[in-house]
Amino acid sequence: MARTTGAIINDSLQQLLEDGEFLPDIRGEMRTKAFHSMTAILSTPDQVHKAYLRISRDDGEVVRIPAFRVQHNNTLGPYKGGIRFHESVQEEEVVNLAALMTLKNALHQVPFGGGKGGVVINPREYSAKELYLICKKYVQYFSAILGPDQDIPAPDAGTGEREMDWMMSEYKSIHPGKPYLGSFTGKSVANGGSLGRREATGKGVYFTLRYLLHDFAEAQRQWLADGSNAYASSVLSHGGRALKLAVQGFGNVGSSAALEAYRCPLLNNKVVAVSDRNVTLYHPDGLDVPALIEFAARNGRELPRDERELAESGISATLMGREEVLYLDADVLILAALEDQVRADNVDRVKAGMIVEGANAPISGEADRLLNARKVAVIPDILANAGGVIVSYLEWLQGRETQFYSESQVFEQLQAKMASTMTAVYPAWLRAERSLREVCYTHAVQKLANILYIQGKLF
Ligand code: NAD
């Protein structure tokens, strides 16, 4: 199982407690008390809201569907986080994901807190009309706690632009005359959404890799040349040789990340494998990613799954089982499907020397420790997949200003924000030989703890 965000927050606070340079004015018993207060505040959510949405299905049957909205922390701004429609949604998982959002926003200096929502349904088993009713009911039940300055939901697994459009429309009806464009993000562009939101997470995922291996490595060339840090040299130097990438998941995040890698003129990439819920496709010389995206767009967002479909699409690849993507001979593995994909029971078979987490928590806590021990570089979810929430923030800003940015302005701002975070965390990671995950969490917790102290909330 993935280690809970609360446990990672506690570890980070323990490290900060022992770091005399952090809040040096608080000493002795006062320091212990202040850190207990931080632990209490950050490791529990502010509020957990639960409702049973009553809807009438197409056949006339009335059902009650469990739904959650968790508001973890709003120290840095309104609660922010997606709404997931999935049959396995549980309160504990939503609380965990809400805490991750608090930390992600703190890490990237996005002025939002952390929240998350969930509805316990398999959306594939509901008609569009039933889903519309569920979206309306979700907003009706939680309307008092949502809003552009209170709590701003976005899409997550099982939801997308359509659901956000429906939800914003319901919010607008319930609150006539009030600002509504910033009440939900991830809306369609025609309905106040931002250009570039759809590709933002995948672009950001690839950008963390490119920035590390190109921009940051170039800037550190002199430091690397003196050979004093073998770990940094092994992570950063790939000597211009072709970099083989394997991508698990070919949905919104995986396909955009794969396309960025395919098109990137700065690294000599070969996307040798991609996978989805059905298959892995492999080609040692690299796959034609644009052709695969075109195929998926025409075929229910799925990859070719047999020889006939491959032949029809003119794509050259070997078909393998869906898990095989994890174990191929690749330099970089991008995990962009689901939680808990690399675990203690399969981590030994993973060969890649670098892993980028496009999905949330795709590596279990135990597997993460084993990968660290093997010196596999992991770019964690909190850093790598923040592109979605960063562009959500830009969408919220555009809604407030009713001024809309061009796609290139959006991507420029996205890259600037992520680059600023990476400039802060990459040196600390490579110089101190702590995992990048630990460095990112500590950075985020430090920021939150500092603000809590300044605001007088710790005593
Ligand atoms: P998506 O539904 O568009 O795509 C998911 C992909 O994973 C699909 O290709 C699907 O076939 C594949 N998949 C499903 N089950 C699989 C399995 N058992 N093995 C291999 N592949 C499987 O979802 P997405 O928006 O691309 O999100 C992917 C992950 O990234 C999710 O965990 C999501 O929570 C996380 N995430 C998404 C965003 C975003 O902006 N979309 C932001 C942050 C995090």
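All ligand and atom numbering here is 1-based and tracks the order in the structure. Quick caveat: nothing in here was measured; it's all calculated off a predicted structure. Heavy atoms only: backbone and side chains are in, while hydrogens, waters and symmetry mates are out.
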| said: Could you check whether atom CD of Glu87 has more than 12 heavy atoms from other residues, nucleotides or ligands sitting under 6.0 Å from it? | reply: yes
| task | Would you check if Glu302 and Arg277 make a side-chain contact, meaning some heavy-atom pair closer than 4.5 Å? | result | yes
| query | Can a donor-acceptor pair be found between the side chains of Lys80 and Thr185 at a distance below 3.5 Å? | reply | yes
| request: State, without any angle test, whether Asn10 and Thr39 hold a side-chain donor-acceptor pair at a distance under 3.5 Å. | output: no
| ligand 1 versus Arg301: contacting region, heavy-atom distance under 4.0 Å | side chain
| message | Test of understanding: given a 4.0 Å heavy-atom threshold, classify the contact between Arg197 and ligand 1 as side chain, backbone, both, or neither. | response | side chain
| Between Phe142 and Arg69, is there a cation-pi geometry (under 6.0 Å to ring centre, at most 45° from the normal)? | no
| message | Please state which option from Gly388, Gly387, Gly249, Gly358 has its nearest heavy atom closest to atom 36 (N) of ligand 1. | response | Gly358
| field | atom 2 (O) of ligand 1 protein-contacted (non-hydrogen atom, under 4.0 angstrom) | value | no
| task | Say whether Arg277, considering both its backbone and side-chain N or O atoms, lies within less than 3.5 Å of an N or O atom on ligand 1. | result | yes
| Quick one: does NZ or CZ of Lys203 land under 6.0 Å from the six-membered ring centre of Phe411, within 45 degrees of the ring axis? | yes
| So is Val253 polar-close to ligand 1, meaning N/O to N/O under 3.5 Å? | yes
| request: Considering only non-hydrogen protein atoms, determine which one is nearest to atom 8 (C) of ligand 1 and report residue, atom name and distance to 0.1 Å. | output: Gly251 N, 3.8 Å
| Using heavy atoms and a threshold below 4.0 Å, how should the contact between Arg322 and ligand 1 be classified: side chain, backbone, both, or neither? | side chain
| request: Return the minimal non-hydrogen interatomic distance between Ala352 and Asp331, and the atom names on each side. | output: CB-O, 3.7 Å
| remark: In ligand 1, the atoms that come under 4.0 Å of a heavy atom of Asp276 are 9 (O), 11 (O), 20 (C), 21 (N), 22 (C)
| field | Polar contact flag for Gly254 and ligand 1 (N/O pairs, less than 3.5 Å) | value | no
| field | Numbered atoms and elements of ligand 1 in range of Ala337, under 4.0 angstrom, heavy atoms | value | 7 (O), 21 (N), 22 (C), 28 (C), 29 (C), 31 (C), 32 (O)
| request: Could you tell me whether atom 22 (C) of ligand 1 has at least one protein heavy atom nearer than 4.0 Å? | output: yes
| query | Should the pair Arg301 and Phe250 be classed as cation-pi, given the thresholds of under 6.0 Å to the six-membered ring centre and 45° from the axis? | reply | no
| said: On a heavy-atom basis, I'd like to know which of Leu100, Asn252, Asn385 is closest to atom 25 (O) of ligand 1. | reply: Asn252
| What are the atoms of ligand 1, with element, lying closer than 4.0 Å to any heavy atom of Ala336? | 28 (C)
| said: Is there a polar contact between ligand 1 and Glu339, counting only N or O atoms under 3.5 Å apart? | reply: no
| Going by the order shown, which atoms of ligand 1 are within less than 4.0 Å of some heavy atom of Leu338? | 15 (N), 16 (C), 17 (C), 18 (N)
| field | Lys172 to Tyr180 six-membered ring, cation-pi geometry met (6.0 Å, 45°) | value | yes
| said: Distance alone, cut at 3.5 Å: any donor-acceptor contact between the side chains of Asn73 and Tyr79? | reply: no
| field | Over all atoms of both residues, closest heavy-atom pair of Ile315 and Pro304 | value | CD1-CG, 4.3 Å
| field | atom 35 (C) of ligand 1 [closest protein heavy-atom partner, distance rounded to 0.1 Å] | value | Ala359 CA, 3.8 Å
| request: Please indicate whether any nitrogen or oxygen in Gln341 is less than 3.5 Å from any nitrogen or oxygen in ligand 1. | output: no
| query | Hey, does Arg84 sit under 4.0 Å from ligand 1 if you only count heavy atoms? | reply | yes
